[in-house]
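Accompanying notes for the structure given below.
What you are looking at is a predicted structure, and each value in this text was computed from that prediction instead of being measured.
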Amino acid sequence: MDRQSSQPTLQTIAVVGLGTMGTGIAEVLARAGREVVGIDISESAARRAAASLAASTARSVTRELITEQERADVLARFRTFTDLAAAAEADLVIEVVPESYEVKQQVFRELDAIVRPDTILATGTNALSVTRLAAESQRPERVLGLHFFNPAPAMKLVEVVSCVLTAPPAVEAVTELARALGKEPVAVGDRPGFVADGLLFGYLNQAAAMYEAKYASREDIDAAMRLGCGLPMGPLALLDLIGVDTARTVLEAMYTSSGDRLHAPAPILGQLAAAGLTGQKSGRGFYTYEAPGSSVIVRDLQTPPDGSLLGTGRPVSSVGVAGSGTMASGIAQVFAQSGFDVVLAARSQEKADAAKAAIGKSLGRAVSRGRLTEEAAAQTLDRITPAGSLDAFADVDLAVEAVAEDLAVKQELFAALDKVCKPGAVLATTTSSLPVIAVARVTSRPQDVIGMHFFNPAPAMKLVEVVRTVLTADDVHATVRAICTKVRKHPVDCGDRAGFIVNALLFPYLNNAIKMVEQHYADIDQIDAAMKLGGGYPMGPFELLDVVGLDVSLAIEKVLHEEFRDPGLAPSPLLEHLVAAGCLGRKTGRGFREYAARR
């Protein structure tokens with residue numbers, strides 16, 4: 001067989017299973033000029049698929065994206081059937097039936113007796129072994145995985161999954177098809193979850209476990225990851241969209257393969273699935289929805305009460321910010337822009353003046369971009385008083401520290417604040433990984449101490465993690481929640497444990513991405529592309545690691561491992577080696593990637 005004949009043009013394609021994913025794949029294929037044979041044992045499912053394509057193409061005509069003739073051509077290319085025999089002349093068959101070996105193997109056995117010898121058989125699984133499915137087929141060299149992401153018309157990523165039995169020409173043919181469809185194909189090997197879901201579902205599982213442990217509310221967990229990481233959806237809302245039962249199936253397959261406790265499904269997933277509370281499709285999962293199939297969330301017994309029930313906080317008119325770095329100056333700017341008088345204290349008057357000058361430049365950029373008037377910028381800067389000593393905090397109502405992420409340094413500072421600040425002043429730390437109680441205990445007033453974790457850059461990022469210790473007073477908590485709202489930030493409550501919400505969920509995901517590279521499963525470009533295109537992440541994990549700093553990332557991962565003692569949280573040796581070599585990311589010009597020197 002020559003190369004031309006071994007790489008057939010995949011013109012007629014059968015899609016078996018016309019649920020949401022199958023219907024989406026069929027639409028993509030029909031719009032791209034392929035003849036599509038849609039097959040489902042349910043006549044109603046077939047009718048819904050045809051109606052869905054008719055509706056989506058009608059919207060395209062209304063928006064003048066296609067003509068009426070083009071719409072008619074697309075609809076003519078899509079035919080539906082209820083019998084697998086309709087796949088007889090297909091060049092490629094894509095199955096997207098339920099995630100069950102028994103169901104998928106039955107489909108493959110029947111297809112073996114129907115399709116041509118050169119037909120490629122693709123499974124749309126994201127959890128089951130492609131190798132196992134191929135081994136059961138009479139033509140294992142023609143079996144591979146073709147994993148689209150939901151919604152298929154919108155999502156660019158397609159994972160092309162080959163196993164030890166797959167013939168390279170089959171992989172080449174479907175890869176070319178994916179490109180012709182306007183998708184970004186990523187070649188991966190056969191392991192549960194592949195790249196995108198392999199990283200995504202571990203993160204979702206940890207979020208479910210965090211909620212189950214009552215560490216934070218579902219709303220706060222979801223808001224933290226949306227606002228702190230720029231994700232399109234929070235993890236619990238995403239689990240409801242995917243389907244709690246589907247997520248549990250994927251995690252079971254991953255745990256069977258990896259033995260990693262991070263992949264062992266959180267018990268709450270099994271409990272919800274057993275109760276039929278599978279998410280949006282059933283009308284209830286982690287959240288309650290308007291109706292089965294609806295995405296509109298309605299109030300239920302778990303919905304948090306109105307914030308007014310928190311009680312009365314303490315009055316705050318003046319704020320002290322300790323530190324001179326980017327975070328300290330950003331926090332000072334946030335408070336000053338919201339009308340607070342701010343004392344910005346550094347280790348010397350010179351450093352404090354330089355920090356105020358940096359705020360002036362930041363405000364100037366906001367003016368040049370039309371986000372702020374010159375008058376407002378000048379008023380903001382006038383509210384900031386630089387000081388070379390913490391003694392200037394004598395009259396502040398709230399003191400916020402933003403110094404080095406070093407426990408000894410913070411404890412020394414809080415001991416000083418305890419002596420300087422007036423009785424009743426709230427003392428807040430911006431730590432992202434250290435125990436808040438450890439700094440509270442060096443003071444004579446631990447009830448006044450709380451975590452107030454801003455995200456960098458503070459003027460732009462909307463999230464603040466509000467971290468109560470077991471000793472934090474109720475009115476201190478109420479004060480900080482109210483202050484966050486006044487400075488137009490979104491507060492989320494969490495307890496005093498390593499990583500709080502965002503870092504506790506983010507850094508195990510980043511660590512697992514590094515382990516994929518260590519295991520030679522995928523390279524950094526493939527993984528970054530998979531998470532941006534398949535998961536909707538604003539940055540791939542290796543882009544993010546290089547921006548955060550590999551040394552900072554390693555320090556956080558060590559804290560998480562030490563706190564939770566889970567072997568799966570042990571920092572990747574590759575990360576440790578890069579840090580030891582001084583490859584810390586963008587700030588040193590080299591991390592996981594190399595960067596041009598800054599002029």
Side-chain angles (χ1 to χ4, degrees), residues 4 7-40 42-97 115 119-120 122 124 146-160 172-186 232-233 241 280 293-296 529 532-536:
Q4 187 64 36
Q7 277 189 257
T9 300
L10 305 177
Q11 185 59 35
T12 301
I13 301 170
V15 179
V16 181
L18 295 176
T20 303
M21 181 59 82
T23 298
I25 294 171
E27 177 178 338
V28 170
L29 292 165
R31 283 178 178 264
R34 268 38 182 199
E35 296 293 329
V36 183
V37 178
I39 303 171
D40 199 293
S42 165
E43 287 187 10
S44 61
R47 284 196 299 271
R48 282 196 300 271
S52 174
L53 182 58
S56 67
T57 51
R59 287 193 295 271
S60 294
V61 171
T62 301
R63 295 168 185 165
E64 299 184 347
L65 300 174
I66 60 174
T67 65
E68 280 287 3
Q69 183 57 53
E70 288 169 333
R71 176 179 184 247
D73 292 342
V74 170
L75 295 178
R77 286 193 289 269
F78 181 49
R79 296 166 293 146
T80 61
F81 302 85
T82 56
D83 191 331
L84 272 179
E89 295 306 312
D91 303 312
L92 166 68
V93 181
I94 305 171
E95 71 74 17
V96 273
V97 299
V115 300
T119 297
I120 298 171
L146 197 56
H147 181 211
F148 287 79
F149 287 74
N150 199 19
M155 300 299 280
K156 289 290 187 182
L157 180 68
V158 174
E159 290 177 319
V160 179
E172 293 168 21
V174 297
T175 301
E176 287 305 313
L177 171 67
R179 291 196 181 101
L181 298 176
K183 303 299 184 183
E184 295 282 347
V186 172
M233 291 184 78
L241 175 63
Q280 287 187 14
S294 170
S295 61
V296 179
K532 287 191 290 184
L533 299 173

Any side-chain heavy-atom pair from [X] and [Y] closer than 4.5 angstrom?
{"X": "F78", "Y": "T57", "value": "no"}
{"X": "S56", "Y": "R31", "value": "yes"}
{"X": "L53", "Y": "T23", "value": "no"}

Does the [X] side chain pair with the main chain of [Y], one donor and one acceptor, at a distance under 3.5 Å?
{"X": "K183", "Y": "E159", "answer": "no"}
{"X": "Q11", "Y": "G33", "answer": "yes"}
{"X": "T12", "Y": "D91", "answer": "no"}

Any chance you could lay out the side chain to side chain contact (heavy atoms under 4.5 Å, CB included) test for T80 and D40, step after step, and finish with the verdict? CA-CA 8 Å; T80 61; D40 199 293; over 6 Å; no

List the atom of [X], the atom of [Y], and the distance in Å for their closest heavy-atom pair.
{"X": "V115", "Y": "A87", "answer": "CG1-O, 3.6 Å"}
{"X": "G536", "Y": "P232", "answer": "O-CD, 3.2 Å"}
{"X": "A152", "Y": "V28", "answer": "O-CG2, 3.6 Å"}
{"X": "L18", "Y": "A46", "answer": "CD1-CA, 3.9 Å"}
{"X": "A86", "Y": "F81", "answer": "CB-CG, 3.4 Å"}
{"X": "L92", "Y": "A122", "answer": "CD1-CB, 4.0 Å"}

With a 6.0 Å cut-off (strictly less than), is the heavy-atom count around CD of E43, excluding the residue itself, greater than 12?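 Atom CD in E43 is not packed in, count stays at 12 or less.
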
Between L146 and V160, is the side chain to side chain contact (heavy atoms under 4.5 Å, CB included) condition met? List the steps. CA-CA 5 Å; L146 197 56; V160 179; 4.1 Å; yes

Separation between [atom1] of [X] and [atom2] of [Y], rounded to the nearest 0.5 Å:
{"X": "T9", "Y": "E176", "atom1": "OG1", "atom2": "CD", "value": "10.0 Å"}
{"X": "L10", "Y": "E35", "atom1": "CG", "atom2": "CD", "value": "13.5 Å"}
{"X": "I94", "Y": "I120", "atom1": "CD1", "atom2": "CD1", "value": "10.0 Å"}
{"X": "R34", "Y": "R77", "atom1": "CZ", "atom2": "CZ", "value": "10.0 Å"}
{"X": "S295", "Y": "M233", "atom1": "OG", "atom2": "CE", "value": "8.5 Å"}
{"X": "K532", "Y": "E184", "atom1": "NZ", "atom2": "CD", "value": "10.0 Å"}

Verdict with reasoning, L177 to I13, per side chain to side chain contact (heavy atoms under 4.5 Å, CB included): CA-CA 11 Å; L177 171 67; I13 301 170; 3.9 Å; yes

Is there a side chain to side chain contact (heavy atoms under 4.5 Å, CB included) between T175 and R179 once you walk through the steps? CA-CA 6 Å; T175 301; R179 291 196 181 101; 3.4 Å; yes

